[in-house]
Amino acid sequence: MGITLKTIDIVYCDYLAELLNSDENLYLALTPNSPRKNITGNDYYVGCKEWEVRKNGSNFVILYNERPIGSISFYKRDDSTAGCGYWIESLLWGKGYGKEAFSLFLPIIKNAGFEYVTANILKSNEASLKIWTKYTTDIKENEDRYAPIICLK
């Protein structure tokens, strides 16, 4: 499919920031109750690097034929479990890019030393839940979110 993952680099951040600034559907999916704030590529890069330090995590850019289409990240929840998050520009939703990126990402998390990976998925995000159900049936839920857990052993 032409999907690759690369460690976040300032080179990609102008494009990623523009996607976040201009993609209304993505904005509503990521931050439905927050006021909109436009960011620069440098803002995005600095924010990712600060997040990595604060959460003991790693950010990656999702590329399709070398063009940035989104981001995927993990962070340390505890010694054996990583948390995961990702986004892709809305024009590409439902085309398999998220599924492909996620399948490439699981070995990265495992190689970082984690046995499990989890996420908090809004119940309105059925496409994301569908990706996780390919790897696990261990899915907790509360009022508005799913919390799947994948064993990476």
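Side-chain contact check for Ser128 and Tyr86: at least one donor-acceptor pair (N or O, by modelled atom type) lies under 3.5 Å.
At least one side-chain heavy atom of Lys99 sits less than 4.5 Å from a side-chain heavy atom of Lys134. In this structure the side chain of Leu30 reaches within 4.5 angstrom of the side chain of Leu20, judged on heavy atoms. Between Lys153 and Tyr116 there is a side-chain heavy-atom pair separated by less than 4.5 Å. Side-chain contact between Cys151 and Thr136 is absent, with no heavy-atom pair separated by less than 4.5 Å. At a threshold of 4.5 Å between non-hydrogen side-chain atoms, the residues Glu115 and Asp79 do not count as touching. The shortest distance between side-chain heavy atoms of Leu5 and Ile62 falls below 4.5 Å.
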Evaluate Ile3 against Leu63 for side chain to side chain contact (heavy atoms under 4.5 Å, CB included), listing each step before the verdict. CA-CA 6 Å; Ile3 294 290; Leu63 301 167; over 6 Å; no
Derivation of the side chain to side chain contact (heavy atoms under 4.5 Å, CB included) call for Asn59 and Lys49: CA-CA 8 Å; Asn59 284 288; Lys49 290 302 175 183; over 6 Å; no
For Thr40 and Tyr45, run side-chain hydrogen bond (donor to acceptor under 3.5 Å, both in side chains): C-alpha distance rounded to whole Å, both residues' side-chain angles, the deciding distance at 0.1 Å, then the answer. CA-CA 9 Å; Thr40 66; Tyr45 182 76; over 6 Å; no
List the steps and the verdict of side-chain hydrogen bond (donor to acceptor under 3.5 Å, both in side chains) for Thr7 and Asp9. CA-CA 6 Å; Thr7 301; Asp9 187 297; over 6 Å; no
Could you check Leu106 against Leu152 for side chain to side chain contact (heavy atoms under 4.5 Å, CB included), going step by step and ending with a plain yes or no? CA-CA 8 Å; Leu106 291 176; Leu152 299 170; 4.0 Å; yes
Take Tyr12 and Ser71 through the side-chain hydrogen bond (donor to acceptor under 3.5 Å, both in side chains) test and state the conclusion after the steps. CA-CA 10 Å; Tyr12 304 111; Ser71 178; over 6 Å; no
Show the numbers, then the answer: is there a salt bridge (Lys or Arg N to Asp or Glu O under 4.0 Å) between Glu66 and Lys6? CA-CA 10 Å; Glu66 296 303 311; Lys6 292 189 179 174; 3.1 Å; yes
I would like to know whether Tyr135 and Phe102 meet ring-ring contact (aromatic ring centres under 6.0 Å, His included); could you show each step before the answer? CA-CA 10 Å; Tyr135 299 93; Phe102 192 74; 5.6 Å; yes
Stepwise side chain to side chain contact (heavy atoms under 4.5 Å, CB included) test for Tyr146 and Trp132: CA-CA 10 Å; Tyr146 297 108; Trp132 286 76; over 6 Å; no
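Of all the heavy atoms in Leu16 and Pro68, the pair that sits closest is CD2-CB, 3.9 Å. Minimum interatomic distance between Pro148 and Ile139 (heavy atoms only, all atoms of both residues): CB-CG1, 3.8 Å. Here the closest heavy-atom approach between residue Pro35 and residue Tyr27 is recorded as C-OH, 3.3 Å. Here the closest heavy-atom approach between residue Ala119 and residue Cys84 is recorded as CB-O, 3.5 Å. Between Ile72 and Ala101, the shortest heavy-atom contact is CD1-O, 4.3 Å. The minimum heavy-atom distance between Leu122 and Ala29, with the atom names listed, is CD1-O, 3.9 Å.
The pair Arg36-Glu24 meets the salt-bridge criterion, since a charged nitrogen lies less than 4.0 angstrom from a carboxylate oxygen. Checked for salt-bridge contact, Lys95 and Glu100 miss the test: no charged N lies under 4.0 Å from a carboxylate O.
By the 6.0 Å and 45° rule, Lys76 does not stack over the aromatic ring of Phe114. No cation-pi contact links Arg67 to Tyr15, judged by a cut-off of 6.0 Å to the six-membered ring centre and 45° from its axis.
A donor-acceptor pair under 3.5 Å is absent between the side-chain atoms of Asp23 and the main chain of Leu19, judged by distance alone. Side-chain atoms of Asn125 do not come within 3.5 Å of backbone N or O of Ile121 as any donor-acceptor pair. Of the possible polar contacts, none joining the Thr81 side chain to the Val117 backbone as a donor-acceptor pair under 3.5 Å is found. Trp87 places no side-chain N or O within donor-acceptor distance of the main-chain N or O of Leu26, the cut-off being under 3.5 Å.
The hydrophobic clustering, which links ILVMFWY residues whose side-chain heavy atoms are closer than 4.5 Å, places Leu91 and Val61 apart. Residues Ile8 and Ile39 share a hydrophobic cluster, clusters being chains of Ile/Leu/Val/Met/Phe/Trp/Tyr side chains in contact below 4.5 Å.
By the 30° and 60° cut-offs, the orientation of the rings of Phe74 relative to Phe105 is tilted.
The OG1 atom of Thr118 lies 4.5 Å from the CD1 atom of Ile149; values are rounded to the nearest 0.5 Å. Taken to the nearest 0.5 Å, the CZ atom of Arg145 stands 9.0 Å off from the OG atom of Ser124. To the nearest 0.5 Å, atom OG1 of residue Thr137 and atom CD1 of residue Ile150 are 11.0 Å apart. Interatomic distance, Lys123 NZ to Glu141 CD, rounded to the nearest 0.5 Å: 3.5 Å. From Lys37, atom NZ reaches atom CG of Asp43 across 6.5 Å, with rounding to the nearest 0.5 Å.
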